[in-house]
Amino acid sequence: MNASIAPVVEATGLGVRFGRFAALSDVSVTRAGGTGTGRVGPNGAGKTTLVRILATLLVPTSGRAVVSGHDVVSRPAMVRRAIGYLPDFAGIYMDMRVTEYLRFFADAHGLDRSARARFVEKALSLSGLAGRGESFVEELSRGMRSRLSFVRALAGDPRLLLLDEPLSNLDPVARGDMLEILGRLRAGGTTILVSSHILTDLEKICDGVLFLDRGRIVTEALPGTGNAAGATYCLGLAEPAPDDMLSFAGSIPGVVSVTPVQGAKVFTVTLRDAGIAPAALRALVGKGLDIVRWHEVTSTLEDRLVRAVRGGGDR
C-alpha cells in the first residue's frame, strides 16, 4: 500500500440536521493515501450524507471536513479538483458519443488538450470501450454505461474517489475487472471511499469498513480480521464446565471474554489476537478440562454488519 503521511480525508465531529432529524451525528473519519474504505449500513444510515459533505455538495451543520488539505466549506473549488465523485444514480447523456462524453468531463475538470487526450485514451482502455469510442451512449449495454460512468470520475487523476454502488449494474466478469482497476488505483496512491451492498467485493478492495446506522458510525472493522477484539474461538467440552471455569478462563492473559453458547459445554472465547491461542489452550488443558473442540470462528463482513446494527457489536 502506498499510503502518504498526511491524511487525504480528515473529518471530525460531522453532523447534519434537517429540522429535528439527524442525518449524521458526530462522525469522525481519517484516511491516508492509498487506502480503501467501505461504507456499509441500512438504507438511510447516513452513508450518502457523509459522501455529499466530502464532495462539497452538502454543508455540515456541525464539525469540519478536510480533503487533500482543503476545507470542504471554505475551499470547495480546491476540494473538487482533488476528488472523483460517482453518485449512485449518475446522470448519463444518451445522445453523446462515448469519446464526446469523456471529453465533456475532461473539460469540466479544466484539462488542457493534451491532458484531455491522455485521459480519454486511458478511460477507454480501463472501461473496455476502446472499440466503442464513436458509439452513442444509448447504444451501450447497461453494464457498459456503468463502466463509462465510473471512468469519467477519473478525470483529473483524483487523490480521492467517492463511489456510491459502482458495482451494482455489472455482471460478474465486469465486476472482477472493476475490482482489479480499483486495486491498481489504490496501489498507485488513490484513496477510495466506496459503498456497496455486495459486501464480499468490499472485502477484496478495502482495508477498512465503516458500519453506519442512524447517522452514526456504529463500529469500524477490518475485513479478514474476524472481529474488532482480535480472534474468536469455539471451545467445546466433553463434560459440563466446573463452576469456576468462566472466571478462570477470563483470567488467562490475552483472553477478552468467555461466553456460554450451549449449556455448560460450548463457549466462545474472544482473544486479543490469534497468536495467543496456543497458550490459552494450554492453560485450559492445564485446568483439567476435557476439550473436544477448539477452533477459530470466522465471520463475514455481512455477519459483522448485522450484529453491529442490531446492537451486538462487532464480535
Set of residues satisfying side chain to side chain donor-acceptor pair (under 3.5 Å) with respect to [X], sequence neighbours excluded:
{"X": "Ser146", "value": "none"}
{"X": "Ser114", "value": "Asp112"}
{"X": "Asp107", "value": "Arg116"}
{"X": "Arg216", "value": "none"}

Cut-off 3.5 Å, side chains only: do Thr191 and Arg31 have a donor facing an acceptor? no

Does anything in residues 11-30 pair up under side chain to side chain donor-acceptor pair (under 3.5 Å), and if so which pairs, sequence neighbours excluded? none

How would you list all residue pairs meeting side chain to side chain donor-acceptor pair (under 3.5 Å) that involve residues 236-246, not counting sequence neighbours? Asp244-Lys287

Is any NZ, NE, NH1 or NH2 atom of the basic residue among Arg186 and Asp207 found under 4.0 Å from an Asp or Glu carboxylate oxygen of the other? yes

Go through Ser196 and Asp201 one step at a time and tell me if the side chain to side chain donor-acceptor pair (under 3.5 Å) criterion holds. CA-CA 8 Å; Ser196 176; Asp201 287 344; 5.1 Å; no

Side-chain donor or acceptor of Arg147 paired with backbone N/O of Ser127 under 3.5 Å: yes

Those residues that, when tested against Ala55, pass side chain to side chain contact (heavy atoms under 4.5 Å, CB included) (two or more places apart): Leu57, Ile83, Tyr85, Leu162

For Ala77, enumerate each residue passing the side chain to side chain contact (heavy atoms under 4.5 Å, CB included) test, keeping only those at least two apart in sequence or located in another chain. none

Stepwise side chain to side chain contact (heavy atoms under 4.5 Å, CB included) check, Val194 with Ile205: CA-CA 10 Å; Val194 54; Ile205 59 174; 4.2 Å; yes

Arg159 vs Ser68, side chain to side chain donor-acceptor pair (under 3.5 Å): CA-CA, chis, key distance, verdict: CA-CA 7 Å; Arg159 293 196 65 197; Ser68 196; 3.0 Å; yes

Rounded to the nearest 0.5 Å, what separation is found between the CD1 atom of Ile276 and the CG atom of Leu271? 4.5 Å

Starting at CG of Leu179, measure out to CG of Leu167 and round the result to the nearest 0.5 Å. 5.5 Å

With [X], which residues qualify under ring-ring contact (aromatic ring centres under 6.0 Å, His included), at least two apart?
{"X": "Phe150", "answer": "none"}
{"X": "Phe119", "answer": "none"}
{"X": "Phe248", "answer": "none"}
{"X": "Tyr93", "answer": "Phe104"}

Same cluster (ILVMFWY, side-chain, under 4.5 Å), Leu111 and Val120: yes

